[in-house]
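We name chains A, B, ... by the order of the sequence lines, and we start the count at 1 in each one. Below, all heavy atoms of this structure are taken into account, side chains as well, without hydrogens, waters or symmetry copies.
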2 protein chains.
Amino acid sequence: MNLTNAEENYIKSIFKLQDGTSVVSTNAIAYDLDTKPASVTDMAKKLKEKKLIDYEKYQGITLTAEGRRFALQIVRRHRLWECFLVDKLSFSWDEVHEIAEELEHVKSEKLVNRLSEFLGNPTTDPHGDPIPDAQGKMSKSKQLVSLDKATSKRLEVAGVSDQSSSLLEFLKAKGIRLGTQIEVIERYDFDNSVEIKIKNQSAFTISEQVSKTIMVKSL
Amino acid sequence: MNLTNAEENYIKSIFKLQDGTSVVSTNAIAYDLDTKPASVTDMAKKLKEKKLIDYEKYQGITLTAEGRRFALQIVRRHRLWECFLVDKLSFSWDEVHEIAEELEHVKSEKLVNRLSEFLGNPTTDPHGDPIPDAQGKMSKSKQLVSLDKATSKRLEVAGVSDQSSSLLEFLKAKGIRLGTQIEVIERYDFDNSVEIKIKNQSAFTISEQVSKTIMVKSL
DNA sequence: AATACTATTTAGATTTGTCTAAATTATATT
DNA sequence: AATATAATTTAGACAAATCTAAATAGTATT
Ligand SMILES: [Mn+2]
Ligand SMILES: [Mn+2]
Ligand SMILES: [Mn+2]
Ligand SMILES: [Mn+2]
């Protein structure tokens, strides 16, 4: 079966939103894809026809097993291209999402697998997200905690829960990247901000809004 | 101005077909893009509107200066990706055209220029065709002769005038690649076939149809 | 239970890119 | 010059993907 770019974007969005939750709402997809609910309903009918989703009027959407298989392929392509851009073409992690959003639609299995090999079969992308293998097996996103909820003092950045380039640019400016080691100096209860320190830098404070998006593991 | 994939494919086709000739015909484009003349007429109106081509009913099509600029960008992207696929992902020259046909539409200047740098700013693609630089400057396709018209006995393969994978696969099977050195053993007038020999191989004969597509330079 | 609000779907349009069949224009042949 | 053939354009249609505005269904609040 050959999917259009639009269909692939919808499948990927549904896959992402379905994580944990049982069904995905029309509005959630529309918001995620920056489109209108009416368009989502239209597409839902098409994807149901193709047996990629289960969908009944007003009942929300879930991927079928086949839809999930496609989703994992697309996610694999997306994340491998992100690795390529960062590792080989020296892009920074805030610049790669948009480009990978286009590259992911080039449908050649041979290309993806060769690319993966060329990159050394990486298992996580530049944002710390796991990359499905050729069979669609993906290691669970590790049990990470967001920085605002972490308990230990010495932490390592292992991911971000928001891919927006505004956030990623901000983190880059503050010197926060994947693998960056963070020391928590102080937590302020009144606004839930955190004062942190990065090696060779003076300490600074980040807001709760930001610390919520930084996923860390303790060292 | 932002071009759609379809518009880019038309612009590239017109650019290719215009080489030498003054104007390009509706039918030639339709044949090249495997579409119908009526569709070409429709698209011609759109591209004229966007000032990328000069076009008057029944008078044929030529690119404007702006159209040519776009064409060179697309050709650059196409050929750089072909280099990437062959040099970095070990594809053979007959496998890359279709994939590059999709990759060429990813429109990020930064991506193209980083890719070019990563590849060592190559000046010819895996088929011997020149790659325009970031400014759209492209060295003229060298003055090559097709094998059926070559006069000297010792030749080197420098390109092919047909990108079809059936031809490229055939050449690969015969051991003919870019840079392959060929010795002409005999030319047969009755069918214009040529007997040739490649280093470390026994001699074999190729038809006029094939020898016409092999572009060579003398050693 | 009636009302208000939110979520979702439908109806009807639009844009892009394509097609077939018919009409028109250009070119070649007698 | 008349006719045949080839090239091109037009008319009218369709599928994909989207939208706005209106209708309907579901949920929450009084
Ligand atoms: Mn995408
Ligand atoms: Mn990512
Ligand atoms: Mn293309
Ligand atoms: Mn090429």
query = Ion pair present between A:E56 and A:K48, side-chain N to carboxylate O less than 4.0 angstrom?
reply = yes
task = May I ask you to establish whether B:K174 and B:F204 are in a cation-pi arrangement, using a distance under 6.0 Å from NZ or CZ to the six-membered ring centre and at most 45° from the ring axis?
result = yes
task = Assign each of A:Y58 and A:K46 to its nearest nucleotide of DNA chain D by heavy atoms, then name whichever residue's nucleotide is nearer the 5' end.
result = A:K46
ask   = Tell me, which of residues 10-36 of chain B have any heavy atom that sits under 4.0 Å from an atom in DNA chain C?
value = B:Y10, B:T35, B:K36
ask   = Aromatic rings B:H97 and B:H127: how do their planes relate, parallel, tilted or perpendicular, breaks at 30° and 60°?
value = perpendicular
query = Going by an N to O cut-off under 4.0 Å, is there a salt bridge joining A:K172 and A:D94?
reply = yes
Side-chain ion pair, A:K107 and B:E102, N-O less than 4.0 Å = no
key: NZ/NE/NH1/NH2 to OD/OE distance under 4.0 Å, A:K12 and A:E101   = yes
task = Inspect the contact between B:E104 and B:R76 and indicate whether a charged nitrogen and a carboxylate oxygen are less than 4.0 angstrom apart.
result = no
inquiry  = Going 5' to 3' along DNA chain D, between which two nucleotides do contacts with chain B fall, using a heavy-atom cut-off of 4.0 Å?
reply    = D:dA7 to D:dT10
message = Quick check against the 3.5 Å criterion: does B:S211 have a side-chain atom that pairs as donor or acceptor with the backbone of B:E208?
response = yes
key: Nucleic acid contacts of residues 37-45 of chain A, taken as heavy-atom distances under 4.0 Å to DNA chain C   = A:P37, A:A38, A:T41, A:K45
message = Can you tell me if A:F118 has over 12 outside heavy atoms packed within less than 6.0 Å of its CZ?
response = yes
